[in-house]
*Asks:* 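Below: one structure in structure tokens.
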Amino acid sequence: MSIVELLREANRQEQKGEWDEAIATYHQAIQNNPKFHWSHYYLGKALEEQGRLDEAILCYCQAIKINPQFFPGYCRLGQTFYLLTQQNQELPFQHYQAIASCVEPNFATERLLFDDQVFLEKTKHLNNEDFLRQIYLTYLGREADVQGLQNHLQSLEVSNPISRKDMIELKFRNSHEFANVTRFSKLEIVINIYKKALDIVPDSCSVYYKLAQVLEAQNKWEEAIEVYRKILEINPVFVPAVNQLQILFHIVVQPKLITEIKKIIPNHFFAYKNKKYYSRCTSSSPNKYLFIHIPKTAGSLINGLIEQLFLPEECLLFLFNDGFYDRYKRHLEANQPKQFKFFAGHLSYDLSHLVDADYKITFLRNPVDRVLSNYFFWRKIYINCNPTIEDFNGNPCPLIDYDLSWEEDLLRHLAAPAINSLDFINLQTWQLAFNIYNRPHEIGSDREVLSMAKQHLDDFNFVGIYERLNSDLGRLFKEQGWQLPEQLERKNATVERKQISEVDSHIIDVIRSKNALDIELYDYALNKFGSIL
């Protein structure tokens, strides 16, 4: 049979579900003519259909090696390698060599192909401290921190020291930081693969779209937005790009990025005004739970309790919007068989539709007490690593100014807020109405925002009150047929904090003034869901 006849036969076998036979036929086609790149490509697709992604990658690399201008080969290679990266799957060394041969050499390919033995040979003349400093630079891409350097030095110089080889394998290659650096390098290679494809077909919206997704995975929001802009210049009605820009509009918190998105598709953003994403659950056994955790409302305790009721692979726990979106997108792209049943985190309501839950839970807290708890929690946890943030004018400032008294510092946040300061200003209302940090003026007046929050709150299946936590948890668990432990252990409780009664009345008045919407929403919840006993 000719090559064309063999490929047609393999295609017929695929259509009948005879995958083993189709793969054998593709191998026969390659044996007859090893230099026909389409045979390698179709074999890769068949292997990919069978979940044999590592083998498929080698086929795509071989097709590209035969024909360096083979556009479909770059597309499939980028997509498959990205999928494996999102699944955190490692490949044999020769696979990375094959992938690296398809792109221009750079720092990413060098790190991916780095050989420990070569490094050990090149650094054998260095003393222990210089050796460790070089490990940090080479494997982690940064200077050594003082504490880490001292800890590793001690491991090399004790009476029974660890070997330099084991130091690399056990202390660095197995570290979480190295995994992040390696993943970044892999994503950089995927980006380069897609750029090679775009060199061949410069106006491919689908490849640009895939490129933007990888940039998002690296948290390169600005570059991703620019790619989406490019897509809509090529095709103004490319719906996936519009949808992703809408999601990014809700995730990013930098005002300049929000402004850029609105310049690209200004007419698409405010369809949410009258939208309700959920109807109240009528099933006695919900399939998917969403706990929208308002910060400092005992969410860590609640997560811990409910998490015990599900398998680990059934839970998706995250912090804020970007963390949720990153993990949820990885799950979708990897097409993992895990069936999430419990989602929980500081999710803004505008992204809650992505979960498509049929049972929604939240807890509200006295706004003044919540602000004080939140502030003192920050003041405690950031004392040794106080991050620098930017105000809305782009000026750097400390998250907590420990040179000020706590009263002065809290008033600083309330009077001239940075993005993070929005944790202290009507957070509960904005989180339930739209978004914690992205608060566009176009959404409407304060009354309209409050009205949205109330409407969305009505749509929850269970609304608890922090001040009656034990009784409300008992009610929730009883309704769901769950067993509540007799002893509830509080987590992340802000012990060293001022109580409302200990705070000057002027400070309380300012907090109340800046949280007028939250106070009204809280009173609405108390009236609707019962007064505190």
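Just so it is clear, the model here is predicted, and its values are computed rather than measured.
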*Asks:* Please say whether more than 12 non-hydrogen atoms of neighbouring residues, nucleotides or ligands are located less than 6.0 Å from CZ in R8.
*Replies:*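 Open: at most 12 neighbouring heavy atoms sit under 6.0 Å from CZ of R8.
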*Asks:* Can Y437 and D423 be counted as having a side-chain donor-acceptor contact under 3.5 angstrom?
*Replies:*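 Yes, D423 and Y437 have a side-chain donor paired with an acceptor closer than 3.5 Å.
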*Asks:* How long is the span from the CH2 atom in W38 to the NZ atom in K45, to the nearest 0.5 Å?
*Replies:*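 Nearest 0.5 Å value for the CH2-NZ distance: 8.5 Å.
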*Asks:* Indicate yes or no for a side-chain donor-acceptor contact from Q218 to the backbone of F184 under 3.5 Å, with no hydrogens or angles considered.
*Replies:*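 Yes; at least one donor-acceptor contact below 3.5 Å.
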*Asks:* Which heavy-atom pair separates V103 from I189 by the least distance, and what is that distance?
*Replies:*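 Looking at all heavy atoms of both residues, the shortest contact is CG1-O, 4.3 Å.
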*Asks:* Surrounding NZ of K65 (heavy atoms of other residues, nucleotides or ligands, distance under 6.0 Å), is the total greater than 12?
*Replies:*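 It does not: K65 NZ has 12 such atoms or fewer within range.
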*Asks:* Determine whether the side chains of Q15 and N11 contain a donor N or O and an acceptor N or O closer than 3.5 Å.
*Replies:*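 Short answer, yes.
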*Asks:* State, yes or no, whether a side-chain contact exists between K341 and N287 at a heavy-atom distance under 4.5 Å.
*Replies:*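 SC-SC contact between K341 and N287 ruled out.
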*Asks:* Parallel, tilted or perpendicular, judged at 30° and 60°: which one describes the rings of F342 and F310?
*Replies:*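 Plane angle under 30°, so parallel.
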*Asks:* Do E169 and K165 meet the salt-bridge criterion of a basic N to acidic O distance under 4.0 Å?
*Replies:*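 So K165 pairs with E169 through a salt bridge.
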*Asks:* Using every non-hydrogen atom in the two residues, find where L427 and L422 come nearest and quote the distance to one decimal.
*Replies:*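 Closest heavy-atom pair between L427 and L422: CB-O, 3.8 Å.
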*Asks:* Is the ring pair F70/Y41 parallel, tilted or perpendicular, if the boundaries are 30 and 60 degrees?
*Replies:*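 The arrangement is perpendicular - the two ring planes meet at more than 60°.
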*Asks:* With the side chain counted from C-beta on, respond yes when L132 and E129 share a heavy-atom pair under 4.5 Å apart, and no when they do not.
*Replies:*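 The answer is no; the side chains never approach within 4.5 Å.
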*Asks:* Is any side-chain heavy atom of I294 less than 4.5 Å from a side-chain heavy atom of T362?
*Replies:*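 SC-SC contact between I294 and T362 confirmed.
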*Asks:* Around E104, counting heavy atoms of other residues, nucleotides and ligands shown, do more than 12 lie under 6.0 Å from its CD?
*Replies:*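 Counting neighbours around CD of E104, 12 or fewer heavy atoms of other residues, nucleotides or ligands fall under 6.0 Å, so no.
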*Asks:* Measuring from atom CD1 of I135 to atom CE of M167, what distance do you get when rounded to the nearest 0.5 angstrom?
*Replies:*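 Interatomic distance, I135 CD1 to M167 CE, rounded to 0.5 Å: 6.5 Å.
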*Asks:* Give a yes-or-no answer on whether the side chains of Q213 and Y208 include a donor-acceptor pair shorter than 3.5 Å.
*Replies:*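 No donor-acceptor contact under 3.5 Å links the two side chains.
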*Asks:* Using a 6.0 Å cut-off, check whether atom CD of E222 has over 12 heavy atoms from anything other than its own residue.
*Replies:*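 For E222, atom CD is not crowded (no more than 12 foreign heavy atoms under 6.0 Å).
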*Asks:* I200 versus K196: any side-chain heavy-atom pair under 4.5 Å?
*Replies:*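 I200 does not reach K196 side chain to side chain.
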*Asks:* Considering non-hydrogen atoms only, spot the tightest contact between S39 and I3 and give its length.
*Replies:*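 Closest pair (atom of S39, atom of I3, distance): OG-CG2, 4.1 Å.
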*Asks:* Any chance the side chains of D116 and Y139 put a donor and an acceptor closer than 3.5 Å?
*Replies:*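 A donor-acceptor contact under 3.5 Å links the two side chains.
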*Asks:* How about S348 and W430: do any of their side-chain heavy atoms sit closer than 4.5 Å?
*Replies:*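 Heavy-atom side-chain distance check fails, nothing below 4.5 Å.
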*Asks:* Under 3.5 Å, is there a donor-acceptor pair between the K186 and Y96 side chains?
*Replies:*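 There is such a pair (donor and acceptor under 3.5 Å, judged by atom type) between the side chains of K186 and Y96.
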*Asks:* Taking NZ, NE, NH1 and NH2 as the nitrogens, is one of them in D459 or K360 under 4.0 Å from a carboxylate oxygen of the other?
*Replies:*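 Yes, this pair counts.
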*Asks:* Would you say the side-chain atoms of R173 pair up with the backbone N or O of L170, donor to acceptor, closer than 3.5 Å?
*Replies:*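 Looks like no, no N/O pair under 3.5 Å.
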*Asks:* Whether the Q254 and K256 side chains hold a donor-acceptor pair (N or O, under 3.5 Å, no angle test) is what I'd like checked.
*Replies:*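 Q254 vs K256: no donor-acceptor pair found between side chains.
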*Asks:* Measure the NZ-CG distance between K230 and L211 for me, rounded to the nearest 0.5 Å.
*Replies:*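 Output value for this atom pair is 12.0 Å.
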*Asks:* Measure up the F462 and F363 rings against each other and bin them: parallel (under 30°), tilted (30 to 60°), perpendicular (over 60°).
*Replies:*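 Rings of F462 and F363: tilted, as their planes differ by 30° to 60°.
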*Asks:* Which atom names give the shortest non-hydrogen contact between L198 and S204, and what distance separates them?
*Replies:*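 Shortest heavy-atom contact: CD2-O, 3.9 Å.
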*Asks:* Are any side-chain N or O atoms of T123 and backbone N or O atoms of L126, one a donor and one an acceptor, separated by less than 3.5 Å?
*Replies:*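 Between the backbone of L126 and the side chain of T123 there is no qualifying donor-acceptor contact (under 3.5 Å).
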*Asks:* Look only at the side chain of Q154 and the backbone of N151, and say whether a donor-acceptor pair between them is shorter than 3.5 Å.
*Replies:*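 No, the answer is negative, given that no donor and acceptor are paired below the 3.5 Å cut-off.
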*Asks:* Looking only at side-chain N and O atoms, does N32 offer a donor or acceptor that is under 3.5 Å from a partner on Q28?
*Replies:*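 Note: Q28 and N32 side chains meet the donor-acceptor criterion.
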*Asks:* Assess the side chains of D350 and H250: does a donor N or O sit below 3.5 Å from an acceptor N or O?
*Replies:*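 There is such a pair between these side chains.
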*Asks:* What heavy-atom pair brings A212 and V227 nearest, and what distance separates the two atoms?
*Replies:*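 Where A212 meets V227 most closely, the heavy atoms are CB-CG1, 3.8 Å.
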*Asks:* Does a donor on one side chain sit under 3.5 Å from an acceptor on the other, for E110 and N106?
*Replies:*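 Looking only at side-chain atoms, N106 and E110 do not form any donor-acceptor pair under 3.5 Å.
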*Asks:* Measure across A56 and G44 and return the closest heavy-atom pair with its distance rounded to 0.1 Å.
*Replies:*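 Closest pair (atom of A56, atom of G44, distance): CB-O, 3.3 Å.
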*Asks:* Is any side-chain heavy atom of L347 less than 4.5 Å from a side-chain heavy atom of F291?
*Replies:*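 No, every pair of side-chain atoms sits at 4.5 Å or beyond.
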*Asks:* For the residue pair E216 / Y228, report whether a side-chain donor-acceptor contact shorter than 3.5 Å exists.
*Replies:*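 There is such a pair between these side chains.
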*Asks:* Kindly say whether P105 contributes a backbone atom to a donor-acceptor pair with the side chain of T109 at under 3.5 angstrom?
*Replies:*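 Pair absent, no side-chain N/O of T109 close to backbone of P105.
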*Asks:* Test D166 against K171 for salt bridge (charged side-chain N to carboxylate O under 4.0 Å, His left out), laying out the working first.
*Replies:* CA-CA 7 Å; D166 286 344; K171 301 293 186 178; over 6 Å; no
*Asks:* So how far is it from L47 CG to I23 CD1, rounded to the nearest 0.5 Å?
*Replies:*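 It comes to 4.5 Å.
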*Asks:* Is a donor on one side and an acceptor on the other found under 3.5 Å between the side chain of Y194 and the backbone of Q79?
*Replies:*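 Flag set: sc Y194 to bb Q79 pair under 3.5 Å.
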*Asks:* Just by distance, with hydrogens left out, do Y60 and E48 show a side-chain donor and acceptor under 3.5 Å apart?
*Replies:*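 E48 and Y60 do have a side-chain donor-acceptor pair below 3.5 Å.
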*Asks:* Applying side chain to side chain contact (heavy atoms under 4.5 Å, CB included), run through L137 and R142 and close with a yes or a no.
*Replies:* CA-CA 5 Å; L137 289 171; R142 67 174 177 85; over 6 Å; no
*Asks:* Under 6.0 Å from the six-membered ring centre of F131 and within 45° of its axis: does the NZ or CZ of R164 meet both?
*Replies:*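 That pair qualifies as a cation-pi contact.
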*Asks:* Can you tell if the side chain of N438 reaches within under 4.5 Å of the side chain of V252, non-hydrogen atoms only?
*Replies:*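 No; the side chains remain at least 4.5 Å from each other.
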*Asks:* Considering residues, nucleotides and ligands other than Q97, do more than 12 of their heavy atoms fall under 6.0 Å from its CD?
*Replies:*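 Correct, the count exceeds 12.
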*Asks:* Can a donor-acceptor pair be found between the side chains of R183 and Q86 at a distance below 3.5 Å?
*Replies:*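 Yes, a side-chain donor-acceptor pair sits under 3.5 Å.
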*Asks:* As a test of understanding, state which of F178, F119, Y136 forms a ring-ring contact (aromatic ring centres under 6.0 Å, His included) with F172.
*Replies:*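 It is Y136; the other options fail the test.
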*Asks:* Taking atom NZ of K288 as the centre, does the number of heavy atoms from other residues, nucleotides or ligands within less than 6.0 Å exceed 12?
*Replies:*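 More than 12 heavy atoms, drawn from other residues, nucleotides or ligands, come within 6.0 Å of this atom.
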*Asks:* Side-chain contact, heavy-atom cut-off 4.5 Å: L290 with Y359?
*Replies:*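 They are not in side-chain contact.
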*Asks:* Do Y325 side-chain atoms and F320 backbone N/O form a donor-acceptor pair below 3.5 Å?
*Replies:*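 Here the side-chain-to-backbone pair does not exist.
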*Asks:* Treating Q431 as the side-chain partner and H293 as the backbone partner, does any N or O pair qualify as donor plus acceptor under 3.5 Å?
*Replies:*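 At least one qualifying donor-acceptor pair exists.
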*Asks:* How many angstroms lie between atom CD of Q480 and atom CD1 of I306, to the nearest 0.5 angstrom?
*Replies:*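 One gets 8.5 Å once the value is rounded to the nearest 0.5 Å.
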*Asks:* Any chance you could measure Y82, atom OH, to L84, atom CG, to the nearest 0.5 Å?
*Replies:*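 Spacing of OH (Y82) from CG (L84) equals 12.5 Å.
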*Asks:* What orientation do Y328 and F324 show, parallel under 30°, tilted 30 to 60°, or perpendicular over 60°?
*Replies:*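 Plane angle under 30°, so parallel.
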*Asks:* Under 3.5 Å, is there a donor on one side chain and an acceptor on the other for Q50 and E55?
*Replies:*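 No, no side-chain donor-acceptor contact under 3.5 Å.
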*Asks:* Have a look at Y26 and tell me which of E21, E9, E14 forms a side chain to side chain donor-acceptor pair (under 3.5 Å) with it.
*Replies:*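 Of the listed residues E21, E9, E14, the side chain to side chain donor-acceptor pair (under 3.5 Å) partner of Y26 is E14.
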*Asks:* Go through it in stages, so that I can follow the logic: the residues are D322 and N219, the test is side chain to side chain contact (heavy atoms under 4.5 Å, CB included), and I'd like the CA-CA distance, side-chain angles, deciding distance and then a yes or no.
*Replies:* CA-CA 9 Å; D322 54 349; N219 292 332; 5.6 Å; no
*Asks:* Is a donor on one side and an acceptor on the other found under 3.5 Å between the side chain of H40 and the backbone of P34?
*Replies:*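 Checking the backbone N and O of P34 against the side chain of H40, a donor-acceptor pair under 3.5 Å is found.
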